[in-house]
Amino acid sequence: MKNFSTRFHLPLEQQEAQNQERKETEKRNTEEDKPAAETKEQEEERAKSEWDFNLCTIVSSDATGAASDTLGVIEFDPSDSIMATGGIARKIRVYNINSLLPEDNNFQDVNLLEHSSAFDYCICTPAKLSSLRWKPGTSGRVLGSGDYDGVVTEYHLERKVPIFERDEHGGRRVWSVDYSQWDPVVGASGSDDGTMQMWDPRCDGGKCMAKVQPSVSRSSVCCVEFDPFGGALVAVGCADKKAYAYDVRNMVDPVLVFDGHRKTVTYIRFMDESTLVSAGTDGCLKLWNINDSRIIRNYKGHVNSRSFVGLSVWKNGGLLCCGSETNQVFVYDKRWGEPIWVHGFKPGGADGAESGSERGFVSSVCWRQVGKEQCTLVAGGSDGVLQVFMGKRKA
């Protein structure tokens with residue numbers, strides 16, 4: 001009988017030749033892969049040294065107790081020339097950013113100021129503030145706020161008076177307020193009552209247009225942000241360890257669920273039209289793909305297990321920033337998971353982490369959304385101190 005197995009076996013010499021060729025090919029591939037790995041490491045190292053950051057101004061708190069002036073929020077107006085802060089002190093302080101920046105980019109000396117002389121004006125509020133957001137279409141004249149008493153208030157800054165008030169969260173703390181980027185403008189607020197409410201500020205008392213309870217257990221809604229690029233999404237982060245995205249045209253159920261944090265989601269920010277960033281008290285920032293709610297990258301290095309430490313994205317430069325319970329500021333490049341720059345809030349700007357039960361923490365951060373080769377970052381501490389940094393891309 002004819003042996004058909006010979007059809008499936010090559011002559012010995014040919015097998016040896018092919019084996020030798022395969023080994024040489026594998027060797028070449030290994031050698032080709034090695035520089036690629038090295039290139040990736042080199043690129044990451046370049047990212048870490050791509051920027052020079054300098055501390056240019058420290059604005060000290062004039063409060064008698066550190067806890068009485070914790071800065072919970074920092075926001076730039078649409079022109080990026082005016083900055084507002086709010087927090088425990090029941091005050092909205094408004095600054096002209098140019099007064100806090102050095103002349104001719106001179107970083108030799110750090111400018112030392114006090115709040116009382118640094119801000120342009122101050123508005124006293126009836127409750128502690130957890131959120132501020134400039135209302136679009138008002139030329140920077142109207143600023144919305146959310147407070148610890150569960151009230152959303154809009155202030156006319158030129159007149160320095162409240163012009164709109166909404167108290168629909170049952171007295172539970174409002175953690176976050178935001179406005180849509182389309183016309184007519186609508187507002188949204190997230191609260192300890194477990195709801196995110198979308199409302200029309202043109203109506204007396206703010207008529208509720210939609211209300212959602214993302215978590216079945218009615219966990220607190222800690223952050224809200226409309227798509228700043230004009231899309232139909234509004235994103236929320238909750239104490240149930242998840243973030244959600246809703247289509248404002250149909251708010252019955254979320255269209256996306258971002259499930260990956262191990263603890264409360266404290267902040268959420270759109271990075272660009274296809275990605276957003278979330279922060280959690282698991283000490284991690286996460287970059288998500290909006291199209292399929294997939295995690296793209298994790299960012300670790302800062303410490304965050306119990307407090308709100310701020311989150312801000314600089315869209316032009318692809319940088320992220322957050323605070324830390326080690327009393328430090330952390331800057332990440334969105335391409336890499338490790339921080340590219342860390343700065344301590346110790347007296348004199350020492351870069352080391354603080355330890356001990358009495359240490360403070362960086363409680364708020366905000367990028368100025370201008371430029372591509374230079375950037376401005378402002379950070380606030382639990383002691384009420386503001387620090388202003390300028391960054392410049394190396395040539």
Side-chain angles (χ1 to χ4, degrees), residues 72-73 75 86 92 125-138 141-156 161-240 242-258 264-270 276:
V73 58
E75 286 290 326
I92 298 173
T125 64
K128 301 173 183 177
L129 299 177
S130 51
S131 180
L132 293 173
R133 192 56 61 102
W134 299 84
K135 185 177 180 181
T138 64
R141 290 190 294 267
V142 177
L143 183 67
S145 70
D147 67 30
Y148 279 40
D149 289 345
V151 179
V152 174
T153 307
E154 290 181 352
Y155 291 91
H156 194 289
V161 296
I163 57 173
F164 169 86
E165 189 173 284
R166 186 175 192 275
D167 186 4
E168 299 296 331
H169 284 285
R172 304 295 298 278
R173 183 181 314 187
V174 172
W175 283 113
S176 183
V177 172
D178 195 25
Y179 293 99
S180 69
Q181 296 300 314
W182 61 78
D183 187 25
V185 172
V186 297
S189 50
S191 167
D192 269 342
D193 69 356
T195 70
M196 185 274 287
Q197 300 183 20
M198 199 164 70
W199 34 270
D200 189 342
R202 296 173 301 171
C203 300
D204 185 29
K207 179 183 178 181
C208 188
M209 302 171 61
K211 179 193 291 187
V212 296
Q213 179 186 315
S215 169
V216 175
S217 59
R218 212 175 180 87
S219 298
S220 298
V221 176
C222 300
C223 48
V224 178
E225 183 163 280
F226 285 99
D227 182 351
F229 303 97
L233 292 182
V234 57
V236 301
C238 297
D240 68 351
K242 298 176 184 178
Y244 304 83
Y246 291 86
D247 187 320
V248 297
R249 297 165 294 190
N250 183 2
M251 300 280 285
V252 176
D253 294 305
V255 293
L256 294 167
V257 178
F258 304 96
T264 297
V265 177
T266 49
Y267 299 94
I268 195 157
R269 299 285 185 265
F270 284 84
L276 56 78

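Quick note: numbers below take in every heavy atom, side chains included, and nothing from hydrogens, waters or symmetry partners.
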Gap separating the [atom1] atom of [X] from the [atom2] atom of [Y], nearest 0.5 angstrom:
{"X": "Arg141", "Y": "Ile163", "atom1": "CZ", "atom2": "CD1", "result": "10.0 Å"}
{"X": "Arg269", "Y": "Glu225", "atom1": "CZ", "atom2": "CD", "result": "5.5 Å"}
{"X": "Gln197", "Y": "Ser191", "atom1": "CD", "atom2": "OG", "result": "7.5 Å"}
{"X": "Ile92", "Y": "Leu129", "atom1": "CD1", "atom2": "CG", "result": "5.5 Å"}

Measure across [X] and [Y] and return the closest heavy-atom pair with its distance rounded to 0.1 Å.
{"X": "Tyr155", "Y": "Pro126", "result": "OH-CD, 3.7 Å"}
{"X": "Pro254", "Y": "Tyr246", "result": "N-CE2, 3.3 Å"}
{"X": "Val221", "Y": "Val236", "result": "CG1-CB, 4.2 Å"}
{"X": "Ser176", "Y": "Val224", "result": "OG-N, 3.0 Å"}
{"X": "Ser180", "Y": "Phe226", "result": "N-CD1, 3.4 Å"}
{"X": "His169", "Y": "Gly150", "result": "CB-O, 3.9 Å"}

Any heavy-atom pair between the side chains of [Y] and [X] that's under 4.5 Å?
{"X": "Met196", "Y": "Met251", "value": "yes"}
{"X": "Phe258", "Y": "Leu276", "value": "yes"}
{"X": "Thr125", "Y": "Thr153", "value": "no"}
{"X": "Lys128", "Y": "Asp149", "value": "no"}
{"X": "Phe270", "Y": "Leu233", "value": "yes"}
{"X": "Val248", "Y": "Trp182", "value": "yes"}
{"X": "Gln181", "Y": "Asp227", "value": "no"}

*Just by distance, with hydrogens left out, do Thr264 and Thr266 show a side-chain donor and acceptor under 3.5 Å apart?*
no

_Pairs meeting criterion salt bridge (charged side-chain N to carboxylate O under 4.0 Å, His left out) with involvement of residues 161-182, two or more places apart_ = Arg133-Asp178

*Output every pair passing salt bridge (charged side-chain N to carboxylate O under 4.0 Å, His left out) with a member in residues 183-195, not counting sequence neighbours, ordered by first then second residue.*
none

*Phe164 vs Trp199 aromatic rings, parallel, tilted or perpendicular, using cut-offs 30° and 60°?*
parallel

*Quick one: do Asp247 and Arg249 make a salt bridge, cutoff under 4.0 Å?*
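Here Asp247 pairs with Arg249 in a salt bridge, since their nearest N and O are under 4.0 Å apart.
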
*Kindly determine whether Arg202 and Asp200 satisfy salt bridge (Lys or Arg N to Asp or Glu O under 4.0 Å), including the steps that lead there.*
CA-CA 5 Å; Arg202 296 173 301 171; Asp200 189 342; 2.9 Å; yes

*Could you tell me whether a side-chain N or O of Ser130 sits under 3.5 Å from a main-chain N or O of Val174, the two making a donor and an acceptor?*
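Yes; judged by distance alone, with no hydrogens or angles, the pair exists.
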
